[in-house]
Amino acid sequence: MKIRVGILSRSARRLSRLPKGNVPSIVIMAAGCLLSGCGAARPTQYYQLSVPGDLPQSAPNVSGISLALGPLVSSHLYREDRIVYSNGPEQMGTYEYKRWTEPPAEMVEEVLLRELRASGRYREVYSQRSSSHADYVLRGHLYDFKELTGASLAARVTFEWELRDTKSGSLVWSHYYSHDEPVSGKDVAAMVAAIDHNVQRGVGEIKSSLEQYFATVASK
């Protein structure tokens, strides 16, 4: 600290000898930065969802159906890594130093992909980016993936998925999910845990609803 003050003092003496109006503003800003100790980078913290591993299928090829999981469409906010918060229905913002390891849309895709694979209900489940041909294509839209601030904190997750028959091109199934999960703490880690629980719950609903649909088709 004494060294910094000494440097600033010499700089200040040089500046005092310059004619008024000739002191570059950037020099003044740099001197103020030395005095206040700014310049130390604030560490960025990253968070991620719980993604199930590729578990062995308990009942492989139950239905003989192959699924392709298309990209999850979302606003640009959910295609970036910043954690989003909302102060009301019309105002949203992002944390600068609190971020996701991947964009939310990609994380939700990955969770659903692995859950469907691990279910053992399908012959194959893969990303639509693959060149393989599937019997059905599953696509979705992510509407909300954010912290709700206010009297009480909550984590809102909203998405909708649709299933199309690749042979006919017709929409055969859809499921809409929206839920506000209470946040148990006041910090970002507690909010992330609430979002994670919310996503797992929503993906569980999607998986169960799909299984019910295919069971109905098989019984016809």
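Keep in mind that what you see is a predicted model, and the values were worked out from it rather than measured.
- For the 3.5 Å distance criterion, the side chains of E181 and H197 qualify, holding a donor opposite an acceptor.
- When every heavy atom of E160 is checked against every heavy atom of Y143, the shortest pair comes out as OE1-OH, 3.5 Å.
- Pairing each heavy atom of A190 with each of S184, the nearest pair is CB-OG, 4.4 Å.
- Residues D144 and Y78 come closest through the heavy atom pair CA-OH, 3.7 Å.
- Between L138 and L116, some side-chain heavy-atom pair lies under the 4.5 Å cut-off.
- Nearest approach of A155 to A194, heavy atoms of both residues: CB-CB, 3.7 Å.
- No single ILVMFWY cluster, assembled from side-chain heavy atoms under 4.5 Å apart, contains both V108 and V137.
- Ring-plane geometry between Y95 and Y85 is classed as tilted, the angle between the planes lying from 30 to 60 degrees on a 0 to 90 degree scale.
- Contact annotation: the side chain of V172 never approaches that of R164 to less than 4.5 Å [non-hydrogen atoms, C-beta and beyond].
- A donor-acceptor contact under 3.5 angstrom links the side chains of N198 and Y177, judged on distance only.
- Residues D135 and R123 have side chains in contact (heavy-atom distance under 4.5 Å, counting atoms from C-beta outward).
- Side-chain contact check for V111 versus Q200: some heavy-atom pair is nearer than 4.5 Å.
- Using a 4.5 Å heavy-atom threshold, the side chains of V192 and E147 count as separate.
- Not one N or O on the side chain of E162 forms a donor-acceptor pair closer than 3.5 Å with the backbone of R139.
- Side-chain N or O atoms of S209 include none that pairs as donor or acceptor with a backbone N or O of E205 at under 3.5 Å.
- Atom CG of L210 is separated from atom OG of S119 by 9.0 Å, given to the nearest 0.5 angstrom.
- No single ILVMFWY cluster, assembled from side-chain heavy atoms under 4.5 Å apart, contains both Y46 and V51.
- Side-chain atoms of D180 do not come within 3.5 Å of backbone N or O of A154 as any donor-acceptor pair.
- The backbone N or O of S86 lies less than 3.5 Å from a partner atom in the side chain of T149, making a donor-acceptor pair.
- Between W173 and H175, the two ring planes are parallel [angle under 30°; tilted spans 30° to 60°].
- Rounding to the nearest 0.5 Å gives a distance of 9.0 Å between CZ of R121 and NZ of K207.
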**OP:** Check the pair L67 / E124 against side-chain contact (heavy atoms from CB on, under 4.5 Å), numbers first and verdict last.
**Re:** CA-CA 6 Å; L67 287 178; E124 190 178 14; over 6 Å; no
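- The closest side-chain heavy-atom distance from Y47 to K98 is below 4.5 Å.
- Panel note: side chain S74, backbone L142; no donor-acceptor pair is recorded below 3.5 Å.
- Within the model, atoms CG of L112 and CZ of R117 stand 11.0 Å from one another, a figure rounded to the nearest 0.5 Å.
- Between L163 atom CG and Y213 atom OH the span is 6.5 Å, to the nearest 0.5 Å.
- Panel note: side chain R82, backbone R99; no donor-acceptor pair is recorded below 3.5 Å.
- Under the 4.5 Å side-chain heavy-atom criterion for Ile, Leu, Val, Met, Phe, Trp and Tyr, L49 and V188 are members of the same hydrophobic cluster.
- Aromatic ring centres of F214 and Y122 lie closer together than 6.0 Å.
- Between the OG1 atom in T94 and the CD1 atom in I83 there is a gap of 10.0 Å [rounded to 0.5 Å].
- A single hydrophobic cluster is seen to contain both M107 and L77, as judged by linkage of ILVMFWY side chains at heavy-atom distances under 4.5 Å, directly or through other members.
- Residues L171 and V217 do not share a hydrophobic cluster, clusters being chains of Ile/Leu/Val/Met/Phe/Trp/Tyr side chains in contact below 4.5 Å.
- No donor-acceptor pair under 3.5 Å is formed between the side chain of Y176 and the backbone N or O of W161.
- Under the 3.5 Å distance criterion, with hydrogens and angles disregarded, no donor-acceptor pair is assigned to the side chains of H179 and R156.
- A distance below 6.0 Å separates the ring centres of F145 and W100.
- We find the OG1-CD distance between T101 and E106 to be 9.5 Å, quoted to the nearest 0.5 Å.
- Across all non-hydrogen atoms, the minimal contact from L72 to H141 is CD1-N, 3.3 Å.
- Taking the side chain as every heavy atom from C-beta outward, I195 and V183 never approach each other to under 4.5 Å.
- Salt-bridge annotation for D165 and K167: absent, with no side-chain N of the basic residue lying under 4.0 Å from a carboxylate O of the acidic one.
- Although no hydrogens or angles enter the test, the distance criterion places no donor-acceptor pair under 3.5 Å between the side chain of Q48 and the main chain of E102.
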